[in-house]
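Structure, as structure tokens:
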Amino acid sequence: MAEINSGQAVIELLKAEQVRHIFGIVGSTFLDVLDVLYDDKSVEYINVRHEQGAAFMADGLARVTGTPAVCLVTSGPGATNLLTGIASAYVGHSPVVAIAGGPAFGSYYKDAFQELDLLSMFKPVTKLAIQVNKPDRIPEILHYALRSAMTGRKGPVFIDIPRDVLNNHMLQTDIAPPGTYRPDYPQLPHPEAIREATRLLQQAERPLMLVGGGVTWAGANDLAVRLSEQCALPMITAYGRNDAVPNSHPHYIGPLGRAGSPEAAAACRRADLLLVVGSRLGNFTTYYDQRYIQAGTRLVQIDIDSRDIGRTYPVALGIQADAGEALAALLEGLSQARVPATRTAWQQEAEGLRAQRQTRLQGEADLHTLPLKPQRVYVELRRVLPPETIVTLDAGAAPAYGYDRLHFSYPRTFLTPLDLGGLGFAFPVALGAKLGRPESPVLAIHGDGGFLMNAQELETAVRHNINVVTLVMNNNCWGSEKAYQKHFYNQRYVGADIGNPRYDKYADLFGAKGYYIEHADQVGDAMQAALQCGKPAVIEIPIDPDEFPAPATATRRGE
Ligand SMILES: Cc1ncc(C[n+]2csc(CCOP(=O)(O)OP(=O)(O)O)c2C)c(N)n1
């Protein structure tokens, strides 16, 4: 066995999982780990300006690569600042490994300097929150954490390592490859379940596939498309998962759920069988009621995690399996099956809905008002963005118009806060995504409120040359929430309006590049220039301060 120091062990254990970036702010509790990076340049410490940014960056990186992404921060407030970003990774099933160097082991339970019960704080937003209690156990406990993060439905983990456990120890350990401490192969579906699923699919007259994020995590996007083609199955996507299938595919109708496509909703209401692949059928995909999924619709639900199978809607058949293995088995099971004749009419209906959506979105090119409406900005974005662009959306009204209006060609190119709905998400997540996929253009879409929540990371972006473009649609208000006061409180606005600096100037001050445009015909040129300027860039567009989508009726006062 090799003898290495504890700091080196942490770095080598992470490198075995392809980790190339660690996000955080320097702290005295974990300096043995940082010191390793003085010589070893194969891992870069991205030192950020607020730990929330670090957690969001790690989330972004993990979502675009599928590999673990790491935060390393100091105790107490360094760790609590991570919480919202770790919650985002939890909701997004993103394998983020958050490590905090804690106070000395012997000082616990004395209200020591920066001592907080971090394990209790992180438990509800992680798959595992654990403390290392002995230097020799660093490899074992890191393996436990990595196995938890990467197995089944992925998700974040939290590891507290007291400073005297972490620093200044020699360990006898060999660095083992991941296959020695976590499973290499995905979970197969039960053959009986696949036979039953093929039978249900063959019986259905109007089957529809609802493709969720689990398909992307399983790398099974092509298989979903092949099944759709083989069985004449129209496709819709779960909330925020538009990138799970190529949007130009003639079988793709649109995204279901909040701010989604009415045509996808209409298809869902018409379906007699819904093949749900890798979707938990969460709040903003379904609203947990019958507005999309009708009581009579039969559900075949495939998920890696049994906790969400039949959780809200009773299933005709639940299959616990990896999405890719299940889709491959269905393709095999249906390879000799003839597509039932009744499907032709259904396919035509689905094609009609797809065409209806395209026409509706194109019609928004006729919105000529100033300040611009966000809908019009998206018309221009669809025209100009290269197909491989990764787009991150913030919470908020102006970004929300993007759920139905952006066009995706490849998996892992659409990153959204999902049901967390956290503001301040898009910009730091974009930075992490860019580090994970440096060859891809990356665009963050923000309202003015959400952008300023993590805008300090522009300094991180400039210093580390992380060249993402951020679009700030500025309406000088917390628009998405102001909408409630407009519609349900008779425009009695309280706490709804805010002021802003000019964000193009803000960008210039940080050494980034700023653009300010007001007209639709400037969007394309500004976006192209920003994508090519060789710096982080911010484009501000003033937008109509009165244009918000009507809030969902389910969230009306008191309901
Ligand atoms: C961290 C956080 N705080 C508060 C909210 C509640 N909230 C949701 S959207 C919104 C307004 C967003 O304003 P802005 O980013 O300017 O975008 P707009 O809606 O104006 O387009 C607020 C306050 C939230 N989702 N997340």
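Whatever order the structure lists them in is the order used to number ligands and atoms, beginning at 1. Given the structure is predicted, the values throughout are model-derived calculations rather than measurements. All residue numbers refer to positions in the sequence shown, counting from 1.
In terms of protein heavy-atom proximity, atom 16 (O) of ligand 1 is nearest to Gly449 N, 2.8 Å. Nearest to atom 25 (N) of ligand 1 among the protein's heavy atoms is Gly421 O, 2.8 Å. Here the heavy atom of the protein found nearest to atom 21 (O) of ligand 1 is Ala398 N, 2.8 Å. Nearest to atom 22 (C) of ligand 1 among the protein's heavy atoms is Glu481 CG, 3.2 Å.
Backbone and side-chain nitrogen or oxygen atoms of Ala397 are examined, and one is located within less than 3.5 angstrom of a nitrogen or oxygen of ligand 1. In terms of polar-atom proximity, Met453 is not counted as a contact of ligand 1, lacking any N or O under 3.5 Å from an N or O of the ligand. Checked by distance only, ligand 1 and Ser480 come closer than 3.5 Å through their nitrogen or oxygen atoms. For ligand 1, none of its N or O atoms has an N or O atom of Ala395 under 3.5 Å away.
Geometrically, Arg258 does not engage Tyr287 in a cation-pi contact, judged by NZ or CZ lying under 6.0 Å from the ring centre and within 45° of the ring axis. Note that Lys486 lies outside the cation-pi zone of Tyr484, set by a 6.0 Å cut-off to the ring centre and a 45° limit from the axis.
If you look at Tyr503 and Phe451, their ring centroids are closer than 6.0 Å. Aromatic ring centroids of Phe56 and Phe425 lie under 6.0 Å apart.
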Pairs of donor and acceptor atoms involving the side chains of residues 259-268, under 3.5 Å and at least two apart or interchain, shall be tabulated with distances.
residue, atom, partner, partner atom, Å
Ser261, OG, Glu263, N, 3.2
Ser261, OG, Glu263, OE1, 3.0
Ser261, OG, Ala264, N, 2.9
Glu263, OE1, Arg360, NH2, 2.8
Glu263, OE2, Arg360, NE, 2.8

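Checking Arg280, Arg311, Arg153 one by one against Asp303, the side chain to side chain donor-acceptor pair (under 3.5 Å) holds for a single residue, Arg153. In summary, of the residues considered (Ile22, Asn47, Val26), a side chain to side chain contact (heavy atoms under 4.5 Å, CB included) with Leu34 occurs for Val26 alone.
Per-residue contacts place Gly479 under 4.0 angstrom from the following atoms of ligand 1 (heavy atoms of the residue considered): 13 (O), 18 (P), 19 (O), 20 (O). If you number the atoms of ligand 1 from 1 as listed, the ones under 4.0 Å from a heavy atom of Gly447 come out as 14 (P), 15 (O), 16 (O), 17 (O). Annotation for ligand 1: atoms under 4.0 Å from non-hydrogen atoms of Asn475 are 18 (P), 20 (O), 21 (O). Heavy-atom contacts of Gly450 reach the following atoms of ligand 1: 14 (P), 15 (O) (cutoff under 4.0 Å). Contact atoms of ligand 1 toward Gly396: 9 (S), 12 (C), 17 (O), 19 (O) (distance under 4.0 Å to a heavy atom of the residue).
A salt bridge (charged side-chain N to carboxylate O under 4.0 Å, His left out) check over residues 60-71, counting only residues at least two apart or in different chains, returns the pairs Asp59-Arg63.
Heavy atoms of Leu423 found under 4.0 angstrom from ligand 1 belong to the backbone as well as the side chain.
Contact record, Arg382 with Leu361: NH2-O, 3.3 Å, taken as the closest heavy-atom pair.
Inspection of the Gln522 and Glu380 side chains reveals no N or O donor paired with an N or O acceptor under 3.5 Å.
Within the 4.0 Å heavy-atom cutoff, Gly424 does not count among the residues contacting ligand 1.
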